[in-house]
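Contents: one structure, followed by commentary.
Just so we're on the same page: letters track the sequence lines, and every chain starts at 1.
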There are 2 protein chains.
Amino acid sequence: MSTVRSDITGSLEDYLETIYRILGRSSVARVRDIAEEMQVNPASVTPAMKRLSAKQLIKYSKRNYIELTEKGLFIARRTMTRHNLLSRFLTEVLGISREQAECDACAMEHFLSESSMERLAAFFEFLAASPELQALIDTGFGNCPEGKEELELLPLTDLEPGSSRRIARINAGQKIRGQLIDSGFIQGAIITLTRPGGTDLPFIVDLDGYDQELPGEIAECVLLHPVQEQTGEDDYEK
Amino acid sequence: MSTVRSDITGSLEDYLETIYRILGRSSVARVRDIAEEMQVNPASVTPAMKRLSAKQLIKYSKRNYIELTEKGLFIARRTMTRHNLLSRFLTEVLGISREQAECDACAMEHFLSESSMERLAAFFEFLAASPELQALIDTGFGNCPEGKEELELLPLTDLEPGSSRRIARINAGQKIRGQLIDSGFIQGAIITLTRPGGTDLPFIVDLDGYDQELPGEIAECVLLHPVQEQTGEDDYEK
DNA sequence: TCTATTTGTTAGATTTGTCTAACAGAAATA
DNA sequence: TATTTCTGTTAGACAAATCTAACAAATAGA
Ligand SMILES: [Mn+2]
Ligand SMILES: [Mn+2]
Ligand SMILES: [Mn+2]
Ligand SMILES: [Mn+2]
């Protein structure tokens with residue numbers, strides 16, 4: 001009892017979670033059901049059950065139904081709770097599709113620490129208790145939130161060489177936006193203009209200590225906060 | 001170029017990310033540096049470099065400095081961007097400590113899909129553009145957010161047998177709160193009171209299709225939304 | 001230049017997690 | 001009851017990721 005520190009791999013947590021889910025609907029859990037639910041070969045389930053059994057997380061004897069022990073039930077529930085918290089965050093807050101959210105959540109759930117889990121739960125409590133926040137998020141933030149200081153934002157192309165700004169947002173379609181984000185152009189990152197470009201000459205900027213080239217038409221999608229920043233190392237907290 | 005679909009394990013992504021980080025500060029990357037940065041034995045680095053090299057993600061020849069290829073650089077940057085997004089969410093929004101956030105983020109980063117990544121980036125843009133939201137979050141939500149409808153919340157102990165409610169929040173100290181959350185008692189989950197308890201008799205509630213026992217003093221920490229819910233399966237969207 | 005230290009690689013082992021193919025036991029059906 | 005089908009296990013293979021111990025190459029120091 002007491003501190004049931006997991007000490008168990010993500011895969012085994014998934015097996016426990018699956019067993020828990022199956023037992024939640026159909027009084028018994030069989031190798032077959034588990035294999036089907038997890039999209040895995042039944043021959044992979046047997047050794048997994050042996051590993052779980054060795055760790056005293058399930059009651060398992062050859063060719064018999066599988067039951068969770070007290071410890072196994074605890075881990076199964078906790079894993080599922082993490083799954084639900086992450087999945088809800090992805091769907092309800094970020095607006096990701098159900099399927100994608102399930103997939104991301106089930107992969108990330110194994111790495112959310114106890115404290116992060118607790119805070120994420122608190123976040124939902126806060127959200128539910130604060131209608132104004134709920135409303136803000138429910139509107140769904142598009143690619144271009146209509147901030148009031150919109151006019152003050154500075155396109156990267158207008159930045160003076162050598163000066164540093166924080167990125168405010170990326171104003172571009174799906175594809176270019178995706179490319180820029182992949183490359184690290186996210187809100188809050190600090191950019192220094194190393195060399196301005198032109199119609200044919202790409203801009204060179206410093207981001208995370210790496211120089212990156214940006215063609216003019218892409219650079220103008222990067223909108224910066226108007227306030228000049230210190231040229232310190234990449235450092236997100238003020 | 002085009003779609004550089006990762007097709008690479010989390011461990012290899014970490015190696016790329018580490019190489020990227022090292023090259024950001026010290027012109028060359030050696031096996032030694034990588035091993036040190038990743039807290040791993042140098043003998044583990046060599047085979048990893050071979051795997052990366054086979055996948056054309058680094059330029060590597062025995063006993064030589066390691067360089068990222070175009071593809072490797074792309075994945076490294078994207079991994080680091082995910083890392084930063086998650087880390088910032090954990091610290092800036094949830095209020096997790098730096099170290100814990102780094103740890104969680106570096107583990108989860110490998111499983112955040114392209115779309116979730118894009119939406120998380122949009123979330124930060126939205127946050128930066130909306131001072132009221134920023135302010136709400138900056139206050140830091142404690143364990144007990146002061147909602148206005150506080151008085152209307154119903155302790156689990158006052159619920160009528162057989163009726164169902166959504167959990168609004170858990171009103172308890174660290175320890176009990178943690179236990180309840182681990183067991184799935186999070187905001188939005190639907191609870192049905194199966195059997196009311198008393199001073200010595202634990203309450204029995206249905207949550208996720210499983211019956212759970214709760215001693216009275218724990219049950220009264222579970223505060224419910226006042227509106228009655230359908231007794232459907234666990235189903236988070238209305 | 002010769003030796004000592006640092007750095008990197010190899011060999012060999014281990015754990016985890018997956019697969020296919022073959023087999024064995026149980027249940028259903030004829 | 002005999003046979004077929006379903007279900008579960010085993011055997012054997014493989015890839016990834018790590019380790020320790022031993023060795024080899026390169027560099028630095030004397
Ligand atoms: Mn999972
Ligand atoms: Mn899951
Ligand atoms: Mn990582
Ligand atoms: Mn990372």
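We find the CE-CD1 distance between M49(A) and I58(A) to be 5.0 Å, quoted to the nearest 0.5 Å. A distance of 4.5 Å separates CD of E109(B) from CD of E17(B), quoted to the nearest 0.5 Å. To the nearest 0.5 Å, the span separating CD1 on I66(B) from OG on S61(B) amounts to 9.5 Å.
Distance NE2 (H110(A)) to P (dG17(C)): 11 Å, rounded to an integer number of Å. Here dA16(D) presents its P atom at 16 Å from CE of M38(B), a figure rounded to the nearest Å. Following rounding to the nearest Å, I34(B) (CD1) and dT18(D) (P) show an atom-to-atom distance of 13 Å. Summarising the geometry, the separation between CZ on R51(A) and C1' on dG17(C) is reported as 6 Å, rounded to the nearest angstrom. dT15(C) atom P lies 17 Å from atom CG of L52(A), rounded to whole Å. Rounding to whole angstrom units, CD of residue E13(A) and C1' of dT16(C) are separated by 15 Å.
For the side-chain hydrogen bond (donor to acceptor under 3.5 Å, both in side chains) test, no residue two or more places apart in sequence or in another chain qualifies with N41(B).
Heavy atoms of S44(A) sit under 4.0 angstrom from at least one base atom.
The pair E114(A)-R82(A) counts as a salt bridge, with a side-chain nitrogen and a carboxylate oxygen less than 4.0 angstrom apart.
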Please list each protein N or O that sits under 3.5 Å from an N or O in nucleotides 6-10 of chain C, with the distance.
residue : atom : partner : partner atom : Å
dT7(C)  : OP2  : R32(B)  : NH1          : 2.5
dG8(C)  : OP2  : R32(B)  : N            : 2.6
dT9(C)  : OP1  : Y60(B)  : OH           : 2.6
dT9(C)  : OP1  : R63(B)  : N            : 2.9
dT9(C)  : OP2  : T46(B)  : OG1          : 2.9
dT9(C)  : OP2  : Y60(B)  : OH           : 3.3
dT9(C)  : O4'  : R63(B)  : NH2          : 3.4
dT10(C) : OP1  : K62(B)  : NZ           : 2.6
dT10(C) : OP2  : K50(B)  : NZ           : 2.6

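In this structure, L86(A) and L120(A) have side chains that are in contact, with non-hydrogen atoms separated by less than 4.5 Å.
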